[in-house]
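Per chain, numbering begins at 1; letters A, B, ... match sequence-line order.
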Protein chains: 2
Amino acid sequence: MHRHEGHDACPGDAVDMLARAESLCRERGLQFTPLRRDVLEVVAASGKAQGAYDIAERLSVPGKRVAPVSVYRALDFLMEQGLVHRIASRNAFIPCAHVHAPGEGVIFLICRTCGGVDEESSQDLESGLGRTLERAGFTPAHSILEVEGDCGLCRDRKQAS
Amino acid sequence: MHRHEGHDACPGDAVDMLARAESLCRERGLQFTPLRRDVLEVVAASGKAQGAYDIAERLSVPGKRVAPVSVYRALDFLMEQGLVHRIASRNAFIPCAHVHAPGEGVIFLICRTCGGVDEESSQDLESGLGRTLERAGFTPAHSILEVEGDCGLCRDRKQAS
DNA sequence: GGCGGCGGTGATACACTGTAACACTCGCGC
DNA sequence: GCGCGAGTGTTACAGTGTATCACCGCCGCC
Ligand SMILES: [Zn+2]
Ligand SMILES: [Zn+2]
Ligand SMILES: [Zn+2]
Ligand SMILES: [Zn+2]
């Protein structure tokens, strides 16, 4: 699912993200403005989930402040377009390089050591959840599945020491 | 899983909760103080998830204010003892009448119409998640699974109208 | 009795997260 | 030119959660 066996910051990925986002917006007739581009770049360049206020601070330079509210608006847009995800348990945002089917479930694996977030999807798990919901008589609209723990890299690093 | 085919407020449940909490604290040599009792009572008496500030307001009477910070401390205690759960997607808390095995996964079904929260567990789903995590080389410590949608009662109510 | 520690609570202040409201600009079609 | 809509800047505010200190009651110890 992740090309690099981990979730390190890959500068190349950020460039890919921006190019993909631009063409995707052009296709849909939407504006990929400088602010939206900058916000996506910050989210994509860091290997870990970024908070909105962190992004705002990161984009601010002396004399030119970017307010958090502007960042939130850009993030709302990027989420609608499926370019970023929100990690509810962290109040933070990660880039998404995938194309998700509507209603497709996604699992976020959040490393508590390095802060990296990996994104998985599992048809197996999805169907299990569907059965459980049906048994409970519940009609799902939207679901959150976030797992916190240690990623493979951090686990190995701990064992070595 | 839920005795009443839904998640209405059941005054009897609240009484049961308090009795169980008291005996549980006595067993563990912990204090079930009046504040902790009151907070649990408010959480248990309402059929829906309660925010910490709501609880504080509910417990406040003219001349005797309960500060949110006190409520948070009581909720921390109650969560440690497994008497309440936190619903991350709502920043709210629900009572728990179950006994959970350590590491057992729980699914919260949150009705966006009536605000009720049902709690399910599924061994089936659990094992599917375990396989997915193993495949990704991830060691889980803690997971959140929350589904928002319509409960059976609200769905029927909508169809009738 | 005095005394110190400890858990729980009260109270204030603060940090972090997110939204509402309003004004302004820019580009585009009429 | 003019109106309109989308995007942004700015301010203020609401909601959620934590840090810190002080106080109190209890219990064990000297
Ligand atoms: Zn994704
Ligand atoms: Zn890691
Ligand atoms: Zn439970
Ligand atoms: Zn309902």
Applying side-chain hydrogen bond (donor to acceptor under 3.5 Å, both in side chains) to B:E41 and not counting sequence neighbours gives B:R37

In whole angstroms, the gap separating P of C:dG18 from CZ of A:R90 amounts to 14 Å

Taking only distance into account, with no hydrogens and no angle test, what donor-acceptor pairs under 3.5 Å do side-chain atoms of residues 128-145 of chain A form with protein atoms, sequence neighbours excluded?
from: A:R131; atom 1: NE; to: B:D124; atom 2: OD2; distance (Å): 3.3
from: A:R131; atom 1: NH2; to: B:D124; atom 2: OD2; distance (Å): 2.7
from: A:T132; atom 1: OG1; to: A:G128; atom 2: O; distance (Å): 3.1
from: A:T132; atom 1: OG1; to: B:S122; atom 2: OG; distance (Å): 3.3
from: A:T139; atom 1: OG1; to: B:R155; atom 2: NE; distance (Å): 2.6

In whole Å, what is the span from the OH atom of B:Y72 to the C1' atom of C:dA15?
13 Å

Heavy atoms from other residues, nucleotides or ligands near CZ of B:R58 exceed 12 (cutoff 6.0 Å)
no

On DNA chain D, which is the earliest and which the latest nucleotide, 5' to 3', with an atom closer than 4.0 Å to a heavy atom of chain B?
D:dT16 to D:dT20

Could you check how far CD1 of A:I55 sits from P of C:dC16, rounded to whole Å?
15 Å

Just call it for A:R86: base, sugar-phosphate, or nothing, with non-hydrogen atoms closer than 4.0 Å on any strand.
sugar-phosphate

Got a sec, which pairs hit salt bridge (Lys or Arg N to Asp or Glu O under 4.0 Å) with one end in residues 64-77 of chain B, sequence neighbours left out?
none

Just wondering, more than 12 heavy atoms not from B:E104 lying within 6.0 Å of its CD?
yes

When every non-hydrogen atom of B:M79 is compared with those of B:V84, the smallest separation belongs to CG-CG2, 3.3 Å

All pairs passing salt bridge (Lys or Arg N to Asp or Glu O under 4.0 Å) where residues 89-102 of chain A contributes a residue, at least two apart:
A:R90-A:E148

Quick one: which protein N/O atoms are closer than 3.5 Å to N/O atoms of nucleotides 4-10 of chain C? Pair and distance per line, please.
from: C:dG8; atom 1: OP1; to: B:R36; atom 2: NH1; distance (Å): 3.1
from: C:dG8; atom 1: OP1; to: B:R36; atom 2: NH2; distance (Å): 3.2
from: C:dG8; atom 1: O5'; to: B:R36; atom 2: NH2; distance (Å): 3.4
from: C:dT9; atom 1: OP1; to: B:T33; atom 2: OG1; distance (Å): 2.5
from: C:dG10; atom 1: OP1; to: B:K64; atom 2: NZ; distance (Å): 3.4
from: C:dG10; atom 1: OP2; to: B:S70; atom 2: OG; distance (Å): 3.2
from: C:dG10; atom 1: N7; to: B:R73; atom 2: NH2; distance (Å): 2.8
from: C:dG10; atom 1: O6; to: B:R73; atom 2: NH1; distance (Å): 3.4

Atom CD of A:Q50 and atom P of C:dT17: how far apart are they, to the nearest Å?
11 Å

Locate the shortest heavy-atom distance separating B:C151 from B:C111; write the atom from each residue and the value.
N-SG, 3.5 Å

Under 5.5 Å and under 30°: A:Y53 stacked on C:dT17
yes

